[in-house]
**Q** 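Just passing along the structure, written as structure tokens.
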Amino acid sequence: MLNPDLVGRTVAGTTATKISQEAISAFARSLGEKNTESAPPTFGITISLEQSQSLLQASGLDWSRVVHGDQRFDIKRPIVAGDELRCDVTIESARIVAGNEIVTVRGDLMTDSELVVSTWSTLVFRA
Amino acid sequence: MSTFTAGQELAPKSFFINRAQLVDYAQASGDHNPIHQDEAVAISVGLPNVIAHGMYTMGLVGSYISELVGGSEKIKEFSARFTKPVVVPANTDVELIVSATVAEVSEAGVRLELSAVCDGVKVLGMAKALVAL
């Protein structure tokens, strides 16, 4: 079970990911999206989910039991090639329902000066 | 972008999902969870077969919106609940039918309610987007 003290805490991302045109194009192509000038709206998940995974695994949750419950994106501006984004992760809530642990994590994708995209993922760790 | 009015139903589009596309999406997204590629693993964790990444289905809906409004960069908010898995057997193109209704048009933009149906079953719940005008 997740340490309840972690809920509400933000862990700042320590490394920035430089977004390449190749990464945006491959992601867009895999979704049949023709616009590759900026990233598709769901692209932020490629950064935020990995960051959430590291944090939650380090907190003792078993990633092999995880199911994605829901997902939300708030896009201040589209991600473009050349962006260097770090991801600050906040565990917004954690509760147990019928033995399953349901955790909502927010990922804030930031440049040095700007919030670009926020992602909210609800992850269900099955009992 | 064409004019939208509240209550308007927008033309549906079919996407066809197969195993090769799930491999492409896994590579492009970095999500290599074997339940999206390996039948034995999927069945071992109680799934009927390989299932699509929820984010792949949501991503296809994103492409649908992008085409509808003339550019993915106009999408400001996008959310969905993964209510049912999209099961993808080997050597099969699984049809996903995506459609939308205009919920509201305001200064903030156009609010869309989206639907994604596979084999007669809604696979996304509460799927919504806000698109700038």
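The sequence lines fix the lettering, A, B, ..., with proteins before strands; numbering per chain opens at 1.
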**Q** Which atoms of B:E67 come close to chain A, meaning under 4.5 Å heavy atom to heavy atom: side chain ones, backbone ones, both, or neither?
**A**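 Just the side chain, heavy atoms under 4.5 Å.
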**Q** Apply the test side chain to side chain contact (heavy atoms under 4.5 Å, CB included) to residues A:S30 and B:S29: give CA-CA distance (whole Å), side-chain angles for both, the deciding distance (0.1 Å), then the verdict.
**A** CA-CA 9 Å; A:S30 76; B:S29 68; over 6 Å; no
**Q** Which atom names give the shortest non-hydrogen contact between B:L60 and A:L31, and what distance separates them?
**A**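 So the minimum-distance heavy-atom pair works out to CD2-O, 3.6 Å.
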**Q** Rounded to the nearest 0.5 Å, how far does CD of A:Q71 lie from CE of B:M55?
**A**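 Reported to 0.5 Å precision, the distance equals 5.0 Å.
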**Q** Counting only heavy atoms from other residues, nucleotides and ligands, does the tally under 6.0 Å from CZ of A:R86 exceed 12?
**A**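 Yes, the 6.0 Å shell around CZ holds more than 12 heavy atoms from other groups.
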**Q** Using a 6.0 Å cut-off, check whether atom NZ of B:K76 has over 12 heavy atoms from anything other than its own residue.
**A**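 More than 12 heavy atoms, drawn from other residues, nucleotides or ligands, come within 6.0 Å of this atom.
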**Q** Ignoring hydrogens and geometry, is there a side-chain-to-backbone donor-acceptor pair from B:S63 to A:G32 under 3.5 Å?
**A**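 No; judged by distance alone, with no hydrogens or angles, the pair does not exist.
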**Q** Do other residues, nucleotides or ligands put more than 12 heavy atoms under 6.0 Å from the CG atom of A:N100?
**A**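 It does: A:N100 CG has more than 12 such atoms within range.
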**Q** Quick one: what part of B:V61 sits under 4.5 Å from any heavy atom of chain A, side chain, backbone, both or neither?
**A**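 Neither; nothing under 4.5 Å.
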**Q** Which atom pair, heavy atoms only, marks the closest approach of A:P41 to B:G62?
**A**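 For A:P41 and B:G62, the tightest heavy-atom pair comes out as CG-CA, 4.3 Å.
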**Q** Where on A:K34 is there a heavy atom nearer than 4.5 Å to chain B: the side chain, the backbone, both, or neither?
**A**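 For A:K34, the contact with chain B is made by the side chain alone.
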**Q** Is the closest side-chain heavy-atom distance between B:S72 and A:S38 below 4.5 Å?
**A**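 They are in contact (side-chain heavy atoms under 4.5 Å apart), so the answer is yes.
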**Q** Considering only heavy atoms, which portion of B:Y56 lies under 4.5 Å from any heavy atom of chain A: side chain, backbone, both, or neither?
**A**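 Both parts, heavy atoms under 4.5 Å.
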**Q** Out of curiosity, B:T57 OG1 to A:H68 NE2, how far, rounded to the nearest 0.5 Å?
**A**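 That separation rounds to 11.5 Å.
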**Q** To the nearest 0.5 Å, what is the distance between OG1 on A:T42 and NE2 on B:H53?
**A**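 If we round to the nearest 0.5 Å, A:T42:OG1 and B:H53:NE2 are 12.0 Å apart.
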**Q** Which region of A:A28, side chain (C-beta onward) or backbone (N, CA, C, O), has a non-hydrogen atom less than 4.5 Å from a non-hydrogen atom of chain B, or is it both or neither?
**A**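 No part of it gets close to chain B.
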**Q** Please walk me through it: do A:R29 and B:D24 pass side chain to side chain contact (heavy atoms under 4.5 Å, CB included)?
**A** CA-CA 9 Å; A:R29 197 164 48 238; B:D24 283 349; over 6 Å; no
**Q** With respect to chain B, which residue among A:V67, A:V80, A:I45 yields the maximal number of heavy-atom pairs within a distance under 4.5 Å?
**A**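 Option with the top pair count is A:I45.
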**Q** Assess whether side chain to side chain contact (heavy atoms under 4.5 Å, CB included) is satisfied between A:F73 and B:S79, documenting all intermediate values.
**A** CA-CA 6 Å; A:F73 297 91; B:S79 58; over 6 Å; no
**Q** Between B:Q21 and chain A, with a heavy-atom cut-off of 4.5 Å, which part of the residue counts as in contact: side chain, backbone, both or neither?
**A**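 Neither part.
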**Q** Does B:Q8 have more than 12 heavy atoms from other residues, nucleotides or ligands lying within 6.0 Å of its CD?
**A**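 Yes, enclosed.
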**Q** Crowded around A:E92 CD? As in, over 12 foreign heavy atoms under 6.0 Å?
**A**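 Atom CD in A:E92 is packed in, count exceeds 12.
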**Q** How long is the gap from CD on B:E77 to CD1 on A:I75, to the nearest 0.5 Å?
**A**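 Answer for the CD-CD1 pair, B:E77 versus A:I75, is 9.0 Å.
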**Q** Would you mind telling me which of B:G30, B:G59, B:G125, B:P34 has the largest number of heavy-atom pairs within less than 4.5 Å of chain A?
**A**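 Most heavy-atom pairs within the cutoff with chain A belong to B:G59.
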**Q** Where does A:R126 contact chain B at under 4.5 Å (heavy atoms): side chain, backbone, both or neither?
**A**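 Only the side chain of A:R126 comes within 4.5 Å of chain B.
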